[in-house]
Amino acid sequence: MKRRRTILLSVTALLAAALTALPAGPAGAEEIEQVKNGTFDTTTAPWWTTSNVTAGLSGGGLCADVPGGTTNRWDAAVGQNDITLVKGQSYRFAFKATGTPAGHVVRAIVGLSVSPYDTYFEVSPQLSVSGDAYTYTFTASADTTQGQVGFQLGGSADPFRFCMDDVSLVGGVPPEVYEPDTGPRVRVNQVAYLPAGPKNATLVTGSTQPLPWQLKKADGKTVAHGSTVPRGMDPSSGQNVHSIDFGSYRKGGTGLTLVADGETSHPFDIGASAYDRLRRDSLKYYYTQRSGIAIRDDLRPGYARPAGHVDVAPNQGDSKVPCQPGVCDYTLDVTGGWYDAGDHGKYVVNGGISTWELLSTYERALHARTGQRDKLGDGTLAIPESGNKVPDVLDEARWELEFLLKMQVPAGQPLAGMAHHKIHDEQWTGLPLLPSDDPQKRELHPPTTEATLNLAATAAQAARLYRPYDRAFAARALAVARKAWTAALAHPDLHADPNDATGGGAYNDTDARDEFYWAAAELYLTTGEKPFERYILNSPVHTSDIFVPLGFDWARTAAAGRLDLATVPNKLPGRDKVRQSVVKGADRYLTTLAAQPYGMPYAPDANVYDWGSNAQVLNNAVVVATAYDISGASKYRDGALQSMDYLLGRNALNMSYVTGYGEVNSHQQHSRWYAHQLDPKLPSPPDGTLAGGPNSSIQDPYAQSKLQGCVGQFCYIDDIQSWSTNEHTINWNAALARMASFVADQG
């Protein structure tokens with residue numbers, strides 16, 4: 001189950017803008033390719049502009065004077081319609097473009113000129129910075145004679161002059177061969193290994209025989225050596241690889257490297273301090289995701305921004321949000337919460353699993369043998385609530401919990417007690433766009449059983465964890481959880497429409513049995529009441545095999561209930577079997593890890609990497625780490641630790657997927673406000689932000705233009721346009737925070 005984003009960046013181009021035909025000159029010769037008159041030799045026809053753009057021939061090309069003060073990319077544009085595209089056909093899209101003054105970002109698109117304005121390819125170059133000639137290839141995903149080539153020029157505070165020439169769209173060309181720079185062939189965890197932990201690396205080599213390796217300190221001194229172990233062809237990458245185990249070296253150090261087969265790895269440390277920092281940074285990520293509050297520069301230098309969606313123009317605000325037409329006749333105050341990902345939507349189903357994982361990170365610190373409660377205490381995250389004598393992680397999670405509670409259907413209304421599935425913009429917006437600049441109408445979407453049970457589960461969990469700090473809030477949360485549980489029992493099969501994906505992800509699910517099990521587990525753990533105990537014991541989910549290769553996420557939540565029943569003290573009959581099931585699931589993941597030359601507990605069927613595969617790796621590692629908490633067996637500790645290596649550089653692309661960690665790391669994740677790649681005035685994602693990772697389906701046009709035919713781990717590109725491989729989300733970062741906290745505790 002994916003977070004389906006079918007038209008993430010719509011061409012609303014040219015939606016509300018009045019179009020003005022450019023003055024016609026002498027008829028130009030018909031070109032063989034799809035674009036007519038891309039050279040502007042004698043005329044601008046058949047190109048058009050929006051009414052606020054003045055354009056004409058200049059210097060052998062088309063130049064347009066673009067006004068300042070516009071908000072969205074599509075507020076000012078130049079384009080050509082009636083483009084024919086053939087599904088499955090590969091196209092080369094090329095143009096020359098300059099901007100004066102330099103540095104402006106434009107959005108060049110090939111898409112549909114009529115509703116629903118789908119985008120088939122897009123790119124957003126920064127003009128006159130790295131040359132003025134641009135060439136891309138992509139594969140069309142639909143047949144149409146109503147295509148469009150467009151250049152969206154809006155969103156600039158200042159006016160500028162845009163010039164273009166040699167615009168071309170030629171079909172039948174071979175796809176561009178994209179070859180990522182993977183650096184040295186020795187792949188390591190570029191951040192750190194623990195002194196008393198496993199230390200493994202992977203060597204990419206054509207050799208079929210063992211090769212010598214050396215571990216070197218920063219001064220070049222060899223401190224350990226051995227021989228590689230040939231592993232043959234790795235199906236996840238298509239590479240011939242060897243494994244290197246240097247776990248016998250247990251001394252700390254910085255700037256170490258591994259040398260093998262004439263290659264020297266990226267440097268790394270041996271020590272625990274990096275994981276203390278990663279625990280903090282991965283949790284700090286949530287503050288800059290907050291909706292409804294201004295982000296303070298003194299708390300996050302470089303990330304200050306105005307509050308988003310608080311009824312200040314151009315926002316339409318979240319304090320009185322109506323339903324989609326025909327869904328309800330009331331409005332709700334749904335201010336607050338976290339923006340789900342790189343867009344401005346807020347989703348109960350994804351907010352639920354994210355909140356649970358953050359709360360469980362704290363709850364593990366209360367009960368696990370290696371838990372360190374003080375590391376998650378008040379003042380550890382430097383957020384506005386620090387200093388209130390409440391653990392900061394609970395303060396941060398409460399920002400989302402308060403939003404989730406607001407999403408419940410009020411008493412006296414149809415479906416009272418249920419939870420609305422999501423709230424987001426009526427239409428997709430473009431990049432970049434600060435939350436405070438979002439002009440779109442906001443809408444509540446229909447209640448669903450899954451959203452209601454997410455609310456019940458997280459509110460019930462909150463009731464027990466916040467009780468020592470705020471008894472009134474804990475009581476309110478439990479009352480909401482009970483009401484949601486009762487409503488879900490009365491409406492067990494209200495599911496999200498899979499086609500409800502305009503302006504936000506659908507997050508559709510058709511089976512709520514796992515959510516019922518999870519909610520019952522949390523309510524039982526908080527209350528100890530017999531009805532919830534009976535529901536758990538009678539649920540077929542309770543004894544089913546839930547630790548499958550793909551693992552758990554927002555659409556598969558049974559593991560959330562099972563893991564908590566296994567680790568939070570309780571008197572459930574047969575609890576030993578619950579704990580044994582977690583250990584058995586961890587054993588399966590350890591078997592997978594041992595079989596993978598890159599050492600991760602993830603091996604999807606047919607090597608088809610899932611959307612958000614990095615989070616699947618982490619959540620499978622959470623199961624392994626929980627088995628260590630249950631059993632104390634070192635093999636589970638070592639397996640959980642080794643799983644982090646893949647995320648931090650020991651992978652086929654030889655890069656860390658966490659911003660700010662590792663010599664080569666993802667730092668251009670898809671986002672509307674962490675958009676430095678598109679606008680130099682905006683920041684890159686904050687340190688501790690996890691990229692979604694390899695996704696074999698490469699749904700977005702940019703990835704499709706680069707990654708056709710990619711194998712497993714290579715189905716990823718660190719570019720802001722690649723929303724299917726490189727988005728960040730609150731649920732993926734929650735998995736990172738939980739595992740970073742576990743590893744830090746082992747140090």
Side-chain angles (χ1 to χ4, degrees), residues 1-2 349 352-353 356-357 360 448-454 456-458 460-461 485 488-489 492-496 507-525 530-568 570-593 601-605 608 610 612 615-631 636 639 731 735 738:
M1 182 78 64
K2 305 179 183 70
V349 285
I353 195 71
W356 166 79
E357 198 143 22
S360 293
T448 65
T449 307
E450 286 79 8
T452 304
L453 292 167
N454 269 263
T458 52
Q461 184 185 24
W485 173 258
L489 288 175
D493 55 2
L494 290 182
H495 306 302
Y507 281 110
N508 54 299
D509 189 359
T510 58
D511 184 353
R513 289 177 298 176
D514 51 334
E515 283 87 2
F516 271 112
Y517 177 73
W518 172 31
E522 300 299 347
L523 282 158
Y524 170 73
L525 290 170
K530 290 295 183 181
F532 302 120
E533 176 187 294
R534 287 195 294 271
Y535 192 96
I536 293 167
L537 297 178
N538 291 331
S539 170
V541 177
H542 188 54
T543 53
S544 64
D545 182 6
I546 61 173
F547 298 113
V548 295
L550 189 55
F552 66 87
D553 68 359
W554 64 266
R556 296 176 298 276
T557 60
R562 187 82 63 88
L563 292 172
D564 282 0
L565 289 171
T567 56
V568 178
N570 66 84
K571 297 180 180 179
L572 184 74
R575 182 168 179 252
D576 284 346
K577 290 185 178 180
V578 174
R579 290 163 68 86
Q580 289 169 13
S581 73
V582 175
V583 173
K584 288 180 180 178
D587 285 335
R588 186 176 306 140
Y589 292 140
L590 285 185
T591 298
T592 299
L593 182 151
Y602 176 74
D605 291 343
V608 176
D610 194 57
Q616 304 306 143
V617 172
L618 286 166
N619 280 333
N620 289 353
V622 165
V623 177
V624 178
T626 304
Y628 172 69
D629 290 339
I630 292 170
S631 69
Y636 301 115
N731 59 315
R738 180 155 178 175

Would you find a donor on one side and an acceptor on the other, under 3.5 Å apart, between the side chain of [X] and the backbone of [Y]?
X      : Y      : value
Glu515 : Glu450 : no
Ser539 : Ile536 : no
Thr448 : Ala451 : yes
Asn620 : Pro601 : yes
Ser544 : Ile546 : no

Pairwise side-chain contact, [X] with [Y], heavy-atom cut-off 4.5 Å (strictly under):
X      : Y      : result
Val623 : Tyr589 : yes
Phe547 : Val624 : no
Asn570 : Tyr524 : yes
Leu563 : Val582 : yes
Asn619 : Glu357 : yes
Val583 : Asp587 : yes
Pro549 : Arg588 : no
Ser360 : Asp564 : yes

Pair Arg562 + Asp514: basic N to acidic O under 4.0 Å: no
Would you call Asp553 and Arg556 a salt bridge, using N to O less than 4.0 angstrom? yes
Just checking Asp545: does its CG atom have more than 12 heavy atoms from other residues, nucleotides or ligands closer to it than 6.0 angstrom? yes
Tell me whether the count of non-hydrogen atoms from other residues, nucleotides or ligands lying under 6.0 Å of CZ in Arg513 goes above 12. no
Taking all atoms of both residues into account, what is the closest heavy-atom pair of [X] and [Y], and its distance?
X      : Y      : value
Thr592 : Ala603 : CG2-CB, 3.7 Å
Arg579 : Ala566 : NH1-O, 2.6 Å
Gly561 : Ala521 : CA-CB, 3.8 Å
Gly639 : Leu590 : CA-CD2, 3.7 Å
Asp511 : His495 : N-CE1, 4.1 Å
Pro492 : Thr449 : C-OG1, 3.4 Å

Roughly how far, to the nearest 0.5 Å, is the OH atom of Tyr507 from the CH2 atom of Trp554? 7.0 Å
Return yes if a side-chain donor-acceptor contact under 3.5 Å exists between Tyr636 and Asp629, otherwise no. no
In terms of side-chain heavy atoms, does Asn454 have a donor or acceptor partner in Trp356 at a distance below 3.5 Å? no
Show your working on side-chain contact (heavy atoms from CB on, under 4.5 Å) between Tyr602 and Leu593 and close with a plain yes or no. CA-CA 7 Å; Tyr602 176 74; Leu593 182 151; over 6 Å; no
Given His542 and Leu537, is the side-chain contact (heavy atoms from CB on, under 4.5 Å) satisfied, shown in steps? CA-CA 6 Å; His542 188 54; Leu537 297 178; 3.9 Å; yes
Trp518 and Leu453: CA distance, side-chain angles, deciding distance, side-chain contact (heavy atoms from CB on, under 4.5 Å) verdict: CA-CA 8 Å; Trp518 172 31; Leu453 292 167; over 6 Å; no
Please, which pairs that meet salt bridge (Lys or Arg N to Asp or Glu O under 4.0 Å) have at least one residue in residues 616-625, sequence neighbours excluded? none
Which word best sums up how the rings of Trp485 and Phe532 line up, parallel for under 30°, tilted for 30 to 60°, or perpendicular for over 60°? perpendicular
